[in-house]
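First comes the structure, then the notes that go with it.
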Amino acid sequence: MTSKSTTVLVAAAWLFIGLVIPVGNAQQVSGPVKVVQLTGLVGVKDNAKGTLSVENGQLHFVHGKTSSDVSASSIQDVVTGADSQRAVGGTIGLMSMAAPYGGGRVLSLFRTKIDTLTVQYRDADGGLHGAIFTMPVGTSEVIKKELLAQGAHTTSDKEPGAASSVSSSTPNKEQK
Amino acid sequence: MMKRILNAGIRLFLLTVVFAASPLLAQKNKPAKIKAAALQVEMIESDEIKLPAEFQVALYENLIRQLEKNGFSHVYRDGDRNAASVADLVVLHSTVRGFKAGSEKARQVTTVSGATSITVHCQFSRQDGTSLLERDVNGKVRFFGGNLRATYDFAKKAANVAHENFSSPERE
């Protein structure tokens with residue numbers, strides 16, 4: 001009887017932890033956010049890891065010793081979205097594909113949720129550029145809000161705060 | 001007997017000549033490439049199909065990169081003011097006709113399902129709107145890579161279409 005109630009208590013505790021952790025992950029952040037620049041920034045390689053921040057009316061991306069700035073006023077569209085990626089990626093993830101008995105496939109089931117931030121901006125000649133970033137859940141909305149506050153535009157008519165709840169039903173989210 | 005062998009030899013020779021010459025003739029029949037001093041890529045449109053913003057941007061950026069890789073030294077972006085003064089400018093207007101989001105997870109787990117595919121109608125025209133070439137180009141990712149890899153596949157194919165049909169002065 002005692003062991004049964006202990007099991008129930010442990011299960012309840014795990015359930016509580018499971019509910020609390022995503023909320024903690026989604027909380028707002030201040031300062032630079034760790035991101036991956038998938039494509040689009042001039043002079044920055046694809047899939048470059050770095051930090052992204054909004055300072056003095058500029059979207060500031062730092063990758064190693066190089067940095068790239070985009071003026072918020074030149075941004076004509078900011079869109080956030082949701083996606084997911086393999087929890088075990090990189091070389092280990094690639095090597096796991098060769099694991100026997102479908103071990104690699106099982107690892108593919110474990111995925112972490114990520115946010116995407118897509119920015120369209122114009123250069124000095126009026127040429128249109130697009131940049132895509134992936135970042136931890138909950139951080140893309142913060143950056144979008146900061147960009148809009150500093151002069152960026154968006155074609156998305158929804159409220160920035162409501163975007164995260166709406167984005168889960170948009171095609172941005174990967175089909176499970 | 002000798003005459004028969006000679007006849008067979010002649011026939012074989014003629015047949016070889018015909019087969020060898022056919023690719024050369026086909027090359028001669030190929031339509032001449034259209035002169036394009038520069039290309040301007042307009043932003044991908046997707047009015048009918050709801051396309052995520054990251055796909056739209058990835059299609060556009062990959063397309064510009066692949067065109068530059070294919071030898072077009074002057075590839076102007078949408079809205080670039082410098083393109084207005086270029087003679088023999090070809091404008092590439094792309095519209096999304098089909099999109100299936102797919103799933104990277106499904107691809108990795110099952111191998112056979114979860115493919116991402118995208119079909120884009122590409123229209124090459126002059127600045128005055130005269131259409132030069134229209135083609136449907138698709139991009140797919142079946143096994144490895146994220147969903148956005150379909151945009152890279154599309155860009156490579158679209159750049160090949162441009163390479164086959166347009167001649168840039170720098171490439172000649």
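All chains are named by letter (A, B, ...) in the order of the sequence lines, taking the proteins before the strands, and each is independently numbered beginning at 1. Since this is a predicted model, take the numbers as computed values, not measurements.
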Review point. Which one of A:Thr118, A:Ile132, A:Leu38, A:Asp125 has the most heavy-atom pairs closer than 4.5 Å to chain B?
Key: A:Asp125

Review point. Does the side chain of A:Gln120 reach to within under 4.5 Å of the side chain of B:Gln56, using non-hydrogen atoms?
Key: yes

Review point. Side chains of B:Arg65 and A:Thr39: closer than 4.5 Å at any heavy-atom pair?
Key: yes

**Study point:** Neighbour count above 12 (heavy atom, 6.0 Å) for A:Asn56 CG
**Key:** no

Check your understanding: Could you walk me through whether A:Leu128 and B:Tyr60 pass the side chain to side chain contact (heavy atoms under 4.5 Å, CB included) check?
Key -> CA-CA 10 Å; A:Leu128 185 65; B:Tyr60 176 71; 3.6 Å; yes

Point to revise | B:Val41 with B:Val86, same ILVMFWY side-chain cluster at under 4.5 Å | key: no

Practice item. Treating Ile, Leu, Val, Met, Phe, Trp and Tyr as nodes and any side-chain heavy-atom pair under 4.5 angstrom as an edge, say whether B:Leu92 and B:Tyr76 lie in one connected cluster. Key: no

Practice item. Side chain from CB out, backbone as N, CA, C, O: work out which of these in B:Leu148 comes under 4.5 Å of a heavy atom of chain A, or both, or neither. Key: side chain

Check your understanding: So which part of A:Asp77 gets closer than 4.5 Å to some heavy atom of chain B, the side chain, the backbone, both or neither?
Key -> neither

**Study point:** B:Glu48 atom CD: more than 12 heavy-atom contacts under 6.0 Å
**Key:** no

Exercise for review: State plainly whether one hydrophobic cluster holds both A:Val62 and A:Met135, where clusters connect Ile, Leu, Val, Met, Phe, Trp and Tyr through side-chain heavy atoms under 4.5 angstrom apart.
Suggested key: no

Review point. Considering only heavy atoms from C-beta outward, does the side chain of A:Asp46 approach that of B:Glu61 to under 4.5 Å?
Key: no

Practice item. Please state whether the side chain, the backbone, both or neither of A:Leu117 comes within less than 4.5 Å of a heavy atom of chain B. Key: neither

Practice item. Check whether more than 12 heavy atoms from other residues, nucleotides or ligands sit under 6.0 Å from atom NZ of B:Lys156, and answer yes or no. Key: no

Check your understanding: Same cluster or not: are B:Leu63 and B:Leu51 linked, directly or through other Ile, Leu, Val, Met, Phe, Trp or Tyr residues, by side-chain heavy atoms under 4.5 angstrom apart?
Key -> yes

Review point. Going from CG on B:Asp80 to NE2 on A:His129, what distance comes out if it is rounded to the nearest 0.5 angstrom?
Key: 8.0 Å

Exercise for review: State the CE-CD distance between B:Met43 and A:Gln76, to the nearest 0.5 angstrom.
Suggested key: 8.0 Å

Review point. Is A:Ile75 linked to A:Val42 within one hydrophobic cluster, defined over Ile, Leu, Val, Met, Phe, Trp and Tyr using a side-chain heavy-atom separation of less than 4.5 Å?
Key: yes

Practice item. Ignoring hydrogens and angles, tell me if any N or O in the side chain of B:Arg77 forms a donor-acceptor pair with the backbone of A:Asp123 under 3.5 Å. Key: no

